[in-house]
Amino acid sequence: MWKWLLQQIDISDELPRFSALYMGLSGVVMGMAFVGLYFHYERQDNHVLGIAIIMTLLMSLYERYRIKAHKSANLTLLSAIIYSLLMR
């Protein structure tokens, strides 16, 4: 079980497929999610978190079908699910 999980998390073989621009965009989206979570837990507007979740889902689709990085796409999708669960 642990071996399989570690294989799914290890995306080192897929990293060369990503451009620096895409990695920067990924960091911006993650920052938006953190800011959105802060606003959500402060009982303020959480549109920023919603946008971050949608962007994360779109990034997952892009990774899976355009870049063909399936492990990374799975992790990106998992982060969107975690953001959604934290929003409750």
Side-chain angles (χ1 to χ4, degrees):
M1 176 71 177
W2 285 109
K3 184 178 179 181
W4 177 83
L5 185 60
L6 290 175
Q7 287 174 346
Q8 297 304 309
I9 292 174
D10 182 24
I11 61 167
S12 60
D13 56 330
E14 296 177 347
L15 284 179
R17 297 180 190 172
F18 297 105
S19 68
L21 180 65
Y22 185 81
M23 296 303 280
L25 175 67
S26 177
V28 168
V29 171
M30 187 170 59
M32 285 176 54
F34 290 149
V35 169
L37 284 169
Y38 171 77
F39 286 142
H40 178 70
Y41 286 114
E42 289 295 318
R43 303 288 185 235
Q44 296 176 7
D45 187 18
N46 64 351
H47 286 92
V48 175
L49 182 57
I51 293 169
I53 291 170
I54 291 170
M55 289 292 296
T56 306
L57 290 172
L58 292 173
M59 288 171 59
S60 177
L61 290 173
Y62 180 76
E63 290 173 9
R64 180 172 302 281
Y65 296 110
R66 184 73 172 168
I67 299 177
K68 305 271 191 260
H70 297 287
K71 290 181 192 176
S72 179
N74 290 341
L75 288 177
T76 305
L77 182 61
L78 181 63
S79 65
I81 291 169
I82 290 170
Y83 296 152
S84 299
L85 291 174
L86 289 173
M87 199 164 107
R88 293 188 178 245

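Without hydrogens or angle criteria, Arg17 side chain to Lys68 main chain gives a donor-acceptor distance under 3.5 Å. No donor-acceptor pair closer than 3.5 Å links the side chain of Lys71 to the backbone N or O of Ser12. Counting only distance, with no hydrogens or angles, the side chain of Ser84 and the backbone of Ala80 share a donor-acceptor pair below 3.5 Å. The backbone N or O of Met59 lies less than 3.5 Å from no partner atom in the side chain of Thr76, so there is not a single donor-acceptor pair.
The cluster map of Ile, Leu, Val, Met, Phe, Trp and Tyr, joined by side-chain heavy atoms under 4.5 Å apart, puts Leu86 and Ile53 in the same cluster.
Asp13 is linked by a side-chain hydrogen bond (donor to acceptor under 3.5 Å, both in side chains) to nothing, counting only residues two or more places apart in sequence or in another chain. With sequence neighbours excluded, the residues that form a side chain to side chain contact (heavy atoms under 4.5 Å, CB included) with Leu15 are Ile11, Phe18, Met23. By the ring pair (Phe, Tyr, Trp, His ring centres under 6.0 Å) test, Phe34 pairs with no residue at all, sequence neighbours left out. Under the ring pair (Phe, Tyr, Trp, His ring centres under 6.0 Å) criterion, Tyr62 pairs with Tyr22, not counting sequence neighbours.
In this structure, the separation between CH2 on Trp4 and CD1 on Ile9 is 9.0 Å, given to the nearest 0.5 Å. Here CG of Leu37 is found 5.0 Å from CG of Leu49. Values are rounded to the nearest 0.5 Å. We find the OG-CG distance between Ser60 and Leu78 to be 10.0 Å, quoted to the nearest 0.5 Å. To the nearest 0.5 Å, the span separating OG1 on Thr56 from CD1 on Ile51 amounts to 11.5 Å. Rounding to the nearest 0.5 Å places CE of Met32 at 9.5 Å from CG of Leu25. We find the OG-CE distance between Ser26 and Met55 to be 10.0 Å, quoted to the nearest 0.5 Å.
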Q: Could you walk me through whether Val48 and His40 pass side-chain contact (heavy atoms from CB on, under 4.5 Å), step by step?
A: CA-CA 9 Å; Val48 175; His40 178 70; over 6 Å; no
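Glu14 and Ser72 are not linked by any side-chain donor-acceptor pair at a separation below 3.5 angstrom, with hydrogens and angles left out of the test.
Ile54 shares a hydrophobic cluster with Leu58; the chain of contacts runs through ILVMFWY side chains whose heavy atoms sit under 4.5 Å apart.
Within a 6.0 Å radius of OH in Tyr41, other residues, nucleotides and ligands contribute more than 12 heavy atoms.
Among residue pairs with one or both ends in residues 64-88, none qualify as ring-ring contact (aromatic ring centres under 6.0 Å, His included); sequence neighbours excluded.
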